[in-house]
**Student:** 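Quick one: structure below, then a few questions.
Chain naming here is simple, since letters A, B, ... match the order of the sequence lines and numbering starts at 1 in each.
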Amino acid sequence: MKKEVEIKHLPMEEKKRLVAEGKMHWFFPGHIVEQIIICIVVFLVLITLATMFPPALDEMADPFTTPEHIKPEWYFLAAYQELKIAEKLMFIGAWAPKVIGIGMQGVIVGFLFAIPFLDPNPDRQYSKRKIALALGGAAVLGFIGLTIWGHFS
Amino acid sequence: MTELKLGPITLRNRLVLKGFEMLDRRFAIKEILDEEVFTKLAPTHLGIFSCFGGITFFIFLMQITTGLLLMVYYVPDTQSAHKSVVAITNDIPFGWAVRGLHFWGANLMVLTVMVHMAKIYFGGIYKAPREMNWVTGVALFLLTMGFSFTGYLLPWTQLSYWATVIATEAPGAMPVVGPLTKSLMLGGPDVSQITLSRFFTLHVMVLPAATFSLLIAHFLQIRRQGISGPM
């Protein structure tokens, strides 16, 4: 792979050849126009959602009335369900559910940070990264599974 | 000067040329534009999943814009917060649209961050020499979750109030560090005015400042290392 600085300082003739061969394209206007189109599409999606599905507004908070069912937003549902599962660890001791439940989330975040340093494999082809792909797939499925479970629990 | 060549582009419009000359005389912009824009190459091997980092950044800019507009009318006070959000939604011209964009932007941004991370993971793009940019990215992901967590309380509704009560109870039950963590988050034993003020400050000042700093680091690393090549 060529480094960014090497590509940047290629002679103009070489750059034109790369573009003609279709290996690269000009940042301007080719790439910029693509980005602008994507931004417009994202904006249209957002304004459509905001118009068709306006966010609900619950009644004002009342610290003296606890509502019956409180669920977090979808992106926190997996973490919420994980804490609920950890409540099953009551038999170890009263401290166990919270300590293990929250400790586990800390471990997962720490693990996320450390991924590049834990993966010793320099290859990027799918066929040479079977373990990493399996672990990643399991993590994604686990997150989706916990989210759905949290939604229906 | 009747025409100007910038990489593959030729400028002929007299007004554009005049404006260009004014700027170039002061800031020598031709060099920068030539190098950073007009003779710059972009890869062609990228699919739609490679765009999610950029999409996330675009949504973040939208959140800054709609957030600033909401802040003009929102009142971070337990007695007025809910009323001000009702007013934004029902009375203020296009308030409903701005709030809707901010709400959906927040939800979509969490999703696009996750898609971006999955692409980087499954494509093996976090590998050397880009290890530190993955670390920067995970920190940005946590900041996004922080934005969601703090922003959720601000309308001061039943749901947002009690969700915050429950979400802060769990870390509060940790031994040794629990009570301190909880009182740092809430500013007291309960979710109160101090909590609302803290979450508001985090949401509109601390988290944006941290996010901007990390985004600069994120983008500078991409500039230096380039887009990763095809597999």
**Student:** Taking all non-hydrogen atoms of both residues, which atom of A:Leu112 and which atom of B:Val138 are closest, and how far apart?
**Tutor:**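 Of all heavy-atom pairs spanning A:Leu112 and B:Val138, the closest is O-CG2, 3.9 Å.
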**Student:** Any non-hydrogen side-chain atom of A:Leu57 less than 4.5 Å from a side-chain atom of B:Arg99?
**Tutor:**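 Answer yes - side chains close enough.
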**Student:** Would you name the heavy atoms of B:Ala173 and A:Lys98 that are closest together and state the gap between them?
**Tutor:**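 Heavy atoms of B:Ala173 and A:Lys98 come nearest at CB-CG, 3.4 Å.
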**Student:** Quick check: closest heavy atoms across A:Met24 and B:Thr44, and the distance to 0.1 Å?
**Tutor:**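 Result for this residue pair: C-CG2, 3.6 Å.
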**Student:** Within the distance-only criterion (no hydrogens, no angle test), does the side chain of B:Gln158 pair as donor or acceptor with the backbone N or O of A:Thr65 below 3.5 angstrom?
**Tutor:**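 Such a contact is found between B:Gln158 side chain and A:Thr65 backbone.
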**Student:** Using only atom types and a distance under 3.5 Å, with no angle test, would you say the side chain of A:Trp95 pairs donor to acceptor with the backbone of B:Met174?
**Tutor:**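 Flag not set: sc A:Trp95 to bb B:Met174 has no pair under 3.5 Å.
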**Student:** Does any backbone or side-chain atom of A:Phe43 lie under 4.5 Å from a heavy atom of chain B? Answer side chain, backbone, both or neither.
**Tutor:**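 For A:Phe43, the contact with chain B is made by backbone and side chain together.
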**Student:** When only pairs under 4.5 Å are counted, which of B:Ala163, B:Ala170, B:Cys51 shares the most heavy-atom pairs with chain A?
**Tutor:**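 Result: the option with the highest number of such pairs is B:Ala170.
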**Student:** Do B:Tyr161 and A:Ile70 come close enough that some side-chain heavy atom pair is under 4.5 Å?
**Tutor:**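 Counting from C-beta outward, B:Tyr161 and A:Ile70 never come under 4.5 Å.
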**Student:** For atom NZ of A:Lys88, decide whether the heavy atoms of other residues, nucleotides or ligands shown that lie under 6.0 angstrom number more than 12.
**Tutor:**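 No.
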**Student:** So which heavy atom on B:Thr78 is nearest to which on A:Met60, and how close?
**Tutor:**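 Looking at all heavy atoms of both residues, the closest pair is O-CE, 3.4 Å.
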**Student:** Name the region of A:Pro63, side chain, backbone, both or neither, that has any atom closer than 4.5 Å to a heavy atom of chain B.
**Tutor:**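 For A:Pro63, heavy atoms of backbone and side chain both lie under 4.5 Å from chain B.
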**Student:** Looking only at heavy atoms and a cut-off of under 4.5 Å, which of A:Tyr126, A:Phe143, A:Phe113 has the most pairs with chain B?
**Tutor:**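 The option with the most such pairs is A:Phe113.
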**Student:** Quick check on A:Ile131: does its CD1 atom have over 12 non-hydrogen neighbours (other residues, nucleotides or ligands) under 6.0 Å away?
**Tutor:**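 No.
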**Student:** Most heavy-atom pairs under 4.5 angstrom with chain B, which of A:Val109, A:Ile32, A:Val42?
**Tutor:**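 Option with the greatest count: A:Val42.
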**Student:** So which part of B:Leu108 gets closer than 4.5 Å to some heavy atom of chain A, the side chain, the backbone, both or neither?
**Tutor:**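 Interface part for B:Leu108: side chain.
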**Student:** Side chain to side chain contact (heavy atoms under 4.5 Å, CB included) for B:Phe122 and A:Val140? Distances and angles first, verdict last.
**Tutor:** CA-CA 11 Å; B:Phe122 289 108; A:Val140 171; 3.9 Å; yes
**Student:** Minimum heavy-atom separation for A:Pro55 and B:Phe103, please, with both atom names.
**Tutor:**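 So the two residues come closest at CB-CG, 3.5 Å.
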**Student:** Hey, which of B:Ala42, B:Gly100, B:Gly124 has the most heavy atom pairs under 4.5 Å with chain A?
**Tutor:**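 Of B:Ala42, B:Gly100, B:Gly124, B:Ala42 has the most heavy-atom pairs under 4.5 Å with chain A.
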**Student:** Please identify, among B:His45, B:Met145, B:Glu169, B:His102, the residue contributing the most non-hydrogen atom pairs under 4.5 Å to chain A.
**Tutor:**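 Ranked by heavy-atom pairs under 4.5 Å with chain A, first place is B:Met145.
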**Student:** Side chain from CB out, backbone as N, CA, C, O: work out which of these in A:His31 comes under 4.5 Å of a heavy atom of chain B, or both, or neither.
**Tutor:**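 For A:His31, side-chain heavy atoms alone lie under 4.5 Å from chain B.
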**Student:** If you count heavy-atom pairs under 4.5 Å with chain A, which of B:Leu101, B:Val98, B:Val86 comes out on top?
**Tutor:**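 Among the listed options, the one with the most contacts to chain A is B:Leu101.
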**Student:** Heavy-atom cut-off 4.5 Å, strictly under: side chain, backbone, both or neither for A:Leu83 against chain B?
**Tutor:**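 Contact with chain B is through the side chain of A:Leu83 alone.
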**Student:** Are any of the side-chain heavy atoms of A:Pro54 and B:Trp96 separated by less than 4.5 Å?
**Tutor:**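 Side chain of A:Pro54 against side chain of B:Trp96, heavy atoms only: no contact under 4.5 Å found.
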**Student:** Using heavy-atom distances under 4.5 Å, tell me whether B:Leu46 contacts chain A through its side chain, its backbone, both, or neither.
**Tutor:**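 It is neither, since no heavy atom gets under 4.5 Å.
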**Student:** Given a strict heavy-atom distance threshold of 4.5 Å, which part of B:Ala139 is in contact with chain A: side chain, backbone, both, or neither?
**Tutor:**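 Contact with chain A involves both backbone and side-chain atoms of B:Ala139.
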**Student:** About how many Å separate CZ of A:Phe117 and CE of B:Met132, when rounded to the nearest 0.5 Å?
**Tutor:**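 B:Met132 atom CE to A:Phe117 atom CZ measures 5.0 Å (nearest 0.5 Å).
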**Student:** Counting only heavy atoms from other residues, nucleotides and ligands, does the tally under 6.0 Å from CZ of B:Phe219 exceed 12?
**Tutor:**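 Yes, because the 6.0 Å sphere around CZ of B:Phe219 holds more than 12 heavy atoms from other groups.
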**Student:** With no hydrogens and no angle check, is any side-chain donor or acceptor of A:Asp58 less than 3.5 Å from a backbone partner on B:Thr157?
**Tutor:**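 Here the side-chain-to-backbone pair does not exist.
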**Student:** Is it the case that the side chain of B:Trp104 and the backbone of A:Thr51 share a donor-acceptor pair, with hydrogens and angles ignored and the cut-off at 3.5 Å?
**Tutor:**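 Judged by distance alone, no pair lies under 3.5 Å.
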**Student:** Is A:Ala132 close to chain B through its backbone or its side chain, or both, or neither, when contacts mean heavy atoms under 4.5 Å?
**Tutor:**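 Both the backbone and the side chain of A:Ala132 come within 4.5 Å of chain B.
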**Student:** Give a yes or no on this: more than 12 heavy atoms of other residues, nucleotides or ligands lie within 6.0 Å of atom CD of A:Glu21.
**Tutor:**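 For A:Glu21, atom CD is crowded (more than 12 foreign heavy atoms under 6.0 Å).
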**Student:** Backbone N or O of A:Asp123 within a donor-acceptor pair of the B:Lys127 side chain at under 3.5 Å?
**Tutor:**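 Yes: the side chain of B:Lys127 pairs with the backbone of A:Asp123.
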**Student:** Just so I understand: if I count every heavy-atom pair under 4.5 Å between each of B:Asp190, B:Thr136, B:Leu111, B:Val165 and chain A, which residue has the most?
**Tutor:**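 It is B:Leu111.
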**Student:** Is chain B contacted by the side chain of A:Ala56, its backbone, both, or neither, given a heavy-atom distance below 4.5 Å?
**Tutor:**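 Answer is backbone: N, CA, C or O of A:Ala56 sit under 4.5 Å from chain B.
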**Student:** Check whether any side-chain heavy atom of A:Ile38 lies under 4.5 Å from a side-chain heavy atom of B:Phe58, and answer yes or no.
**Tutor:**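 A:Ile38 does not reach B:Phe58 side chain to side chain.
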**Student:** Need one label for A:Leu18: side chain, backbone, both or neither, based on atoms under 4.5 Å from any heavy atom in chain B.
**Tutor:**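 The side chain, not the backbone.
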**Student:** Looking only at heavy atoms, what is the nearest atom pair of B:Tyr121 and A:Leu135, with distance?
**Tutor:**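 Smallest heavy-atom distance, with atoms named: OH-CB, 4.4 Å.
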**Student:** Counting only heavy atoms closer than 4.5 Å, note whether A:Phe53 contacts chain B via side chain, backbone, both or neither.
**Tutor:**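 Both backbone and side chain.
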**Student:** Is it the backbone or the side chain of A:Val41 that comes under 4.5 Å from a heavy atom of chain B, or both, or neither?
**Tutor:**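 For A:Val41, there is no contact with chain B at all, as no heavy atom is under 4.5 Å.
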**Student:** If you define the side chain from C-beta out and look only at heavy atoms, does anything of A:Phe27 sit under 4.5 Å from B:Leu41?
**Tutor:**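 Heavy-atom side-chain distance check fails, nothing below 4.5 Å.
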**Student:** Got a sec: does the CD of A:Gln125 have more than 12 other heavy atoms crowding it under 6.0 Å?
**Tutor:**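 Yes, enclosed.
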**Student:** Can B:Tyr126 and A:Asp119 be said to form a side-chain hydrogen bond (donor to acceptor under 3.5 Å, both in side chains), step by step?
**Tutor:** CA-CA 10 Å; B:Tyr126 58 85; A:Asp119 180 359; 2.4 Å; yes
**Student:** CZ/A:Phe76 to CZ/B:Phe149 distance, rounded to the nearest 0.5 angstrom?
**Tutor:**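 One gets 7.0 Å once the value is rounded to the nearest 0.5 Å.
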**Student:** Is any side-chain heavy atom of A:Trp26 less than 4.5 Å from a side-chain heavy atom of B:Lys40?
**Tutor:**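 A:Trp26 does not reach B:Lys40 side chain to side chain.
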**Student:** Please classify the contact of A:Lys23 with chain B as side chain, backbone, both or neither, using a heavy-atom distance under 4.5 Å.
**Tutor:**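 The backbone, not the side chain.
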**Student:** A:Arg124 side chain to B:Ile125 main-chain N or O, any donor-acceptor pair under 3.5 Å?
**Tutor:**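 Side chain of A:Arg124 to backbone of B:Ile125: no pair is present.
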**Student:** Chain A: which of B:Ile55, B:Leu61, B:Asn107 shares the most heavy-atom pairs with it under 4.5 Å?
**Tutor:**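 Highest number of pairs under 4.5 Å: B:Asn107.
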**Student:** Return yes when atom CE of B:Met114 has more than 12 non-hydrogen atoms of other residues, nucleotides or ligands closer than 6.0 Å, and no otherwise.
**Tutor:**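 Correct, the count exceeds 12.
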